[in-house]
Amino acid sequence: MGQGGWAAHFIEPLATADPALARLLADQRRQNDETVNLVASESYCCRAALEAEASSLVNKNASGYPPRRSVGGGEILDAVERLAIARARTLFQAEHANIQALSSTIANIAVLRGLLAPGDRILALDTTAGGHGSHGQASHISGQTYRVENFGVDEAAGGIDYAAVADQAARFRPRMIVAGATAYPKMIDFAQLGRIAASVGAMLFADIAHVSGLVAAGLHPNPTPFADAVTTSTHKTLCGPRTGGLILSKAAHGAAIDAALSPGLQAAAGAHIIAARALLFDWVAQPWFAGLMGRVLENARALAEGLAAEELPLYLGGTETHMVVVDLRGTAWTPAALGTRLLEHGIVASTTRLPGRDGAGVGLRLGSTAMTIRGADAALHREIGGLLARLVRGTDDPADAAAGQRLRRIAADCPIPFQGT
Ligand SMILES: *Cc1c(COP(=O)(O)O)cnc(C)c1O
């Protein structure tokens, strides 16, 4: 080791290189281990994906698309990216796939920019009814670039009113209908929305960020064969590592979307993330993954039953996916106060907006993916629903402390299969 003696610094472990950070990471690990995870947008990625992300590709510049990279020595990365693309296309039956987006929000912007001109009209699900901010919310670039109208839900009917969407589309004449949601516990009828789009000459863009694992497992209708474009995250029910968006599209839209993403929005993608995606799109194509997703659905229904048995109202009346949304519009809960109370008693979950006169209605968004991976069965999910209902009621008696103890016991009995550092 000649040089300046710095080689030793390159091989020093985290624990001594940065004890303060190492302690924080250990704290996070402990919190993960000691809490029941009901965050609908979380899951646990596998060891093999983490190995791919921590591989030598973390140092490789991935500018450009194969085989036209601007940085030398990209042939092996080209092979990795082609593998990821081929596997993604097979998994979702897509004519074209782009696996480089740095997040699924970025993927959405790439689709909009690739297929629309500024000022074009889009029709999308209202964010207070479960839609995602990147589908035209005023505070997002999508809402500032296009003319957006929203459709909502018919709460009494338990979902989107497709006849009303058809009427609205006939009046508004959108260039694109955006279908997809971040807090909507029912299945979206993409085929129906595709027919509505076709009837007014609009494109259909389906964002399946939340349900893509169910789609991959064949347990949720797949919009890819007929939609103009489809995007998904990799880390929700698809159970891959975080950061990354997948774009699937008709072959005819491929070049426009690819160019809109890069160079239009981002330069080099993460080569190591591309490697993890190659692994992921094959890993979830195996029969055991369909078995896991089947249990995820069963457990979401059990969780909903446990909550309903304690008379907590459920948004849209229940679940058809991995997600359950508790309707707290009739209560005094604020998102912060509820989050704190749940965490103190051993639950992590997330709050969401629900339709309301002031747009401020609070919902508690829950999912069954994480605890199903950890081995919790339907009976446990039902029990967790009951314990959660008790905590939401907001009293502070010894029964709450007992609920907290039981939840921590469940967390300990359902270990996370693998975590990184
Ligand atoms: C989570 C989510 C996204 C955003 O995913 P990121 O990778 O975090 O950007 C986009 N659309 C929908 C419907 C989502 O639920």
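For the single chain, residues carry numbers from 1 onward in sequence order. When reading the values below, keep in mind they use all heavy atoms of this one structure, side chains included, and skip hydrogens, waters and symmetry mates. One-based numbering, in listed order, for ligands and for the atoms of each.
For the residue pair D207 / H132, no side-chain donor-acceptor distance below 3.5 Å is found, with atom types taken as modelled. For R195 and Q192, the side-chain atoms include at least one donor-acceptor pair closer than 3.5 Å. Using modelled atom types and a 3.5 Å distance limit, the side chains of E81 and Q100 yield a donor-acceptor pair.
Ligand-side atoms of ligand 1 in range of S103: 7 (O), 9 (O), range being under 4.0 angstrom from any heavy atom. With ligand atoms numbered from 1 in the order given, ligand 1 contributes 2 (C), 11 (N), 12 (C), 13 (C), 14 (C), 15 (O) to contacts under 4.0 Å with heavy atoms of A209. Ligand 1 places these atoms under 4.0 Å from at least one heavy atom of T182: 14 (C), 15 (O).
In terms of polar-atom proximity, defined here as any N/O pair under 3.5 Å, D207 does make such a contact with ligand 1. Any N or O atom pair closer than 3.5 Å counts here, and T105 shares at least one such pair with ligand 1.
When K236, H235, H210 are checked for heavy-atom proximity to atom 2 (C) of ligand 1, K236 turns out nearest. The residue from A40, S104, A107 that puts a heavy atom closest to atom 5 (O) of ligand 1 is S104.
A salt bridge between R47 and E51 is present, with a side-chain N of the basic residue lying under 4.0 Å from a carboxylate O of the acidic one. Ion pairing between a basic and an acidic side chain is recognised when a charged N comes within 4.0 Å of a carboxylate O; R30 and D27 show such pairing.
In this structure, H96 has its ring center no closer than 6.0 Å to that of H253.
Every side chain to side chain donor-acceptor pair (under 3.5 Å) that D78 has, sequence neighbours left out, goes to R69.
Distances shorter than 4.0 angstrom occur between a heavy atom of A181 and an atom of ligand 1.
At a heavy-atom cutoff of 4.0 Å, ligand 1 is contacted by no atom of S41, backbone or side chain.
Looking only at heavy atoms of the protein, atom 3 (C) of ligand 1 is closest to H132 NE2, 3.3 Å.
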